[in-house]
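Working notes, beginning with the structure itself.
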Amino acid sequence: LVHKMDHLACFTPGMLALGAQEIRGATYDTYMTLAEDLAYTCYQMYAREPSGIAPEFAVFEAGRDFKEGAKHYILRPETLESLFILWRTTKKPQYRQWGWQIFQAIEKHCKTPSGYAGLVDVRTAHPS
């Protein structure tokens, strides 16, 4: 078992939230709780980096919190997509706030005169 979470997995909260809209009762609550918990982890992958940008993947160690497993970022949209879907399905303002924070970090660090570029190292306040 590898205790690793790739950024691509951050599509899962949105997928679960959309699927939960078709069911009710305890199963709905289970799916939405899982979606919100996973979205929180995805958001924290961004929020905990000095740049505000998530690494490509994080690793989890027994009895410890997660840490970045890679230092690069390649313009992954999955977290923002999931946050948008969670905001639309729950109307909780935290998802808009988290999305806005991530958007601002992307604008600050990834925008170039001709588009957007990935980052080599997200672990500094001024990534390259």
Side-chain angles (χ1 to χ4, degrees):
L1 179 63
V2 177
H3 299 280
K4 173 185 162 195
M5 183 171 163
D6 287 76
H7 193 288
L8 282 173
C10 291
F11 84 92
T12 306
M15 176 189 68
L16 290 169
L18 286 174
Q21 303 313 301
E22 300 300 318
I23 54 179
R24 291 290 170 239
T27 304
Y28 170 85
D29 294 339
T30 299
Y31 278 44
M32 288 305 292
T33 298
L34 181 56
E36 292 188 74
D37 289 349
L38 284 170
Y40 178 76
T41 301
C42 293
Y43 166 70
Q44 287 299 318
M45 289 172 66
Y46 283 83
R48 294 182 186 187
E49 293 299 330
S51 64
I53 302 287
E56 180 62 16
F57 67 89
V59 294
F60 299 81
E61 298 175 0
R64 294 186 162 164
D65 209 349
F66 69 84
K67 63 180 183 178
E68 68 271 321
K71 59 184 182 176
H72 64 282
Y73 174 72
I74 54 174
L75 298 174
R76 298 278 192 198
E78 293 81 13
T79 298
L80 288 170
E81 293 166 346
S82 285
L83 294 175
F84 176 74
I85 291 167
L86 281 165
W87 174 72
R88 291 292 300 259
T89 57
T90 69
K91 301 298 185 222
K92 292 180 181 177
Q94 72 193 32
Y95 299 117
R96 284 178 50 172
Q97 293 162 357
W98 294 352
W100 182 244
Q101 289 171 12
I102 293 168
F103 174 78
Q104 288 179 308
I106 292 169
E107 284 288 299
K108 180 178 180 180
H109 299 299
C110 300
K111 190 172 185 177
T112 71
S114 58
Y116 291 82
L119 301 172
V120 174
D121 190 347
V122 301
R123 301 172 300 171
T124 68
H126 305 288
S128 56

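When every heavy atom of T124 is checked against every heavy atom of P50, the shortest pair comes out as C-CB, 3.7 Å. Smallest separation of non-hydrogen atoms from P55 and A70: CB-O, 2.8 Å. Of all heavy-atom pairs between L75 and A117, the closest is CD2-O, 3.7 Å. Between S51 and A105, the closest heavy-atom pair is O-CB, 3.7 Å. Of all the heavy atoms in H72 and V122, the pair that sits closest is C-CG1, 4.3 Å. Pairing each heavy atom of T27 with each of I23, the nearest pair is CG2-CD1, 3.3 Å.
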For side chain to side chain contact (heavy atoms under 4.5 Å, CB included), just list the numbers for L34 and L38, CA-CA rounded to whole Å, side-chain angles, deciding distance to a tenth of an Å, and then say yes or no.
CA-CA 6 Å; L34 181 56; L38 284 170; 4.0 Å; yes
Start with the C-alpha distance between W87 and Q97, add both sets of side-chain angles, then the distance that settles side chain to side chain contact (heavy atoms under 4.5 Å, CB included), and finish with yes or no.
CA-CA 10 Å; W87 174 72; Q97 293 162 357; over 6 Å; no
Tell me, with the steps shown, if M45 and T79 meet side chain to side chain contact (heavy atoms under 4.5 Å, CB included).
CA-CA 10 Å; M45 289 172 66; T79 298; over 6 Å; no
Q44/D65 under side chain to side chain contact (heavy atoms under 4.5 Å, CB included): CA gap, chis, key distance, verdict:
CA-CA 11 Å; Q44 287 299 318; D65 209 349; over 6 Å; no
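Under the ring pair (Phe, Tyr, Trp, His ring centres under 6.0 Å) criterion, H109 pairs with no residue, sequence neighbours left out. Scanning for ring pair (Phe, Tyr, Trp, His ring centres under 6.0 Å) contacts around Y28 gives an empty result, with sequence neighbours left out. Here D29 pairs with nothing under the salt bridge (Lys or Arg N to Asp or Glu O under 4.0 Å) rule; sequence neighbours left out. When the side-chain hydrogen bond (donor to acceptor under 3.5 Å, both in side chains) test is applied to E81, no partner is found at least two apart in sequence or on another chain. When the salt bridge (Lys or Arg N to Asp or Glu O under 4.0 Å) test is applied to E107, the partners found at least two apart in sequence or on another chain are K111. Scored by the salt bridge (Lys or Arg N to Asp or Glu O under 4.0 Å) test, E68 finds no partners at all (sequence neighbours excluded). Applying the ring pair (Phe, Tyr, Trp, His ring centres under 6.0 Å) rule to F11 yields no partners; only residues at least two apart in sequence or on another chain are considered. Every residue meeting the ring pair (Phe, Tyr, Trp, His ring centres under 6.0 Å) condition with Y43, not counting sequence neighbours, appears here in chain and number order: W98. In this view, E61 and R64, K67 satisfy the side-chain contact (heavy atoms from CB on, under 4.5 Å) rule, not counting sequence neighbours. The salt bridge (Lys or Arg N to Asp or Glu O under 4.0 Å) test applied to E49 returns no partner, not counting sequence neighbours.
Grouping the Ile, Leu, Val, Met, Phe, Trp and Tyr side chains by contacts below 4.5 angstrom, directly or via other members, places L83 with Y31. When hydrophobic clusters are built by joining Ile, Leu, Val, Met, Phe, Trp and Tyr residues whose side-chain heavy atoms come closer than 4.5 Å, directly or via intermediates, Y116 is grouped together with I102. The hydrophobic cluster containing M32 also contains F84, counting ILVMFWY residues as joined when their side-chain heavy atoms lie under 4.5 angstrom apart, directly or transitively. No continuous path of hydrophobic side-chain contacts links I53 to F57 [ILVMFWY only; heavy atoms under 4.5 Å]. Note: the hydrophobic cluster containing I106 also contains Y95 (ILVMFWY, side chain heavy atoms under 4.5 Å, direct or indirect links).
Within a 6.0 Å sphere centred on CZ of F66, heavy atoms belonging to other residues, nucleotides or ligands number more than 12. In the displayed structure, R96 atom CZ is contacted under 6.0 Å by at most 12 heavy atoms of other residues, nucleotides or ligands.
Taking CG of D6 as the start and CZ of R76 as the end, the distance is 8.0 Å to the nearest 0.5 Å. Between the CG atom in L80 and the CD1 atom in I85 there is a gap of 11.0 Å [rounded to 0.5 Å]. Rounding to the nearest 0.5 angstrom, the gap separating the OG atom in S82 from the CG atom in L18 is 8.5 Å.
A heavy-atom distance below 4.5 Å is not found between the side chains of P127 and Y73. Using a 4.5 Å heavy-atom threshold, the side chains of Q101 and Y46 count as separate.
Clustering of Ile, Leu, Val, Met, Phe, Trp and Tyr side chains at separations under 4.5 Å leaves L8 isolated, with no partner residue.
Screening residues 7-45 for disulfide bond (SG atoms under 2.5 Å apart), with sequence neighbours left out, gives C10-C42.
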